[in-house]
Amino acid sequence: SQQGEEDPQALSIQEGENATMNCSYKTSINNLQWYRQNSGRGLVHLILIRSNEREKHSGRLRVTLDTSKKSSSLLITASRAADTASYFCATDYGNNRLAFGKGNQVVVIP
Amino acid sequence: DGGITQSPKYLFRKEGQNVTLSCEQNLNHDAMYWYRQDPGQGLRLIYYSQIVNDFQKGDIAEGYSVSREKKESFPLTVTSAQKNPTAFYLCASSMGPRDRPYGYTFGSGTRLTVV
């Protein structure tokens, strides 16, 4: 099935460092979204970028979208221990449903 | 506070039993979704509903059933036909027409274990 694929799968960084993760997809999209999941909890919507946008910011989050390469990146600046979570990208192909990737596990070491 | 409530948080099922997972939202969202999450496999769509009294199969609907009799409620039944039901189940909802997309709001999940 069509869905986003995140890279890298797991990331371990020191507090204060930046964390970058990438997502690739297969066909044209309406928008791409990033979610965070803390262990054993539901997902929380972080940011949405539309297909006609190239970059978007929200607090310490920066998302880019390159439709020619069918890829997106999520940057978390000045990471904190509370950022430890799994991060998922999700693609909206315009069929009223989102396709989720397998997720990136990010560990921020205090 | 507005949100999505899933219950129970933990559920144990015996072989051959049907069980129903509850999902209720007070966000006035039109669309609701059920996902299954297994370790290392991300989220897979089971069923979704865009409007009351209508729903569609997702990618892994076999062994599951749903109903959407009220806008606020979208219960999922895991039937005995589902051979490997042990997983974390997530319910979500969304609003907005296609030209003003919004993100999904998720519940806190139900962990189902077959005993």
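In what follows, every chain begins at residue 1, and chains take the letters A, B, ... in the order their sequences are listed.
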Among the listed options Leu45(B), Ile4(B), Thr105(B), the residue most often paired with chain A at heavy-atom distances under 4.5 Å: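 With the most close heavy-atom pairs to chain A, the winner is Leu45(B).
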
Heavy-atom pairs under 4.5 Å with chain A, option from Gly58(B), Cys91(B), Ser108(B), Ala92(B) with the top count: Ser108(B)

Is there a path of hydrophobic side-chain contacts, each under 4.5 Å between heavy atoms of I, L, V, M, F, W or Y residues, that connects [X] with [Y]?
| X | Y | value |
| --- | --- | --- |
| Val19(B) | Val114(B) | no |
| Trp34(A) | Val44(A) | no |
| Tyr87(A) | Leu65(A) | yes |
| Ile60(B) | Tyr35(B) | no |
| Phe88(B) | Leu43(B) | yes |

Flag, side chain of Tyr35(A) to backbone of Tyr104(B), donor-acceptor distance under 3.5 Å: yes

Taking every non-hydrogen atom, the tightest pair across Phe106(B) and Leu43(A): CB-O, 3.3 Å

Atom of Asp59(B), atom of Arg97(A) and distance for their closest heavy-atom approach: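 Closest heavy-atom pair between Asp59(B) and Arg97(A): OD1-NH2, 2.7 Å.
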
Enclosure of Arg80(A) CZ (heavy-atom neighbours >12, cutoff 6.0 Å): no

Stepwise side-chain contact (heavy atoms from CB on, under 4.5 Å) check, Gln37(B) with Gln37(A): CA-CA 12 Å; Gln37(B) 186 176 29; Gln37(A) 183 182 35; 2.9 Å; yes

Leu98(A) vs Tyr48(B) side-chain heavy atoms within contact, under 4.5 Å: no

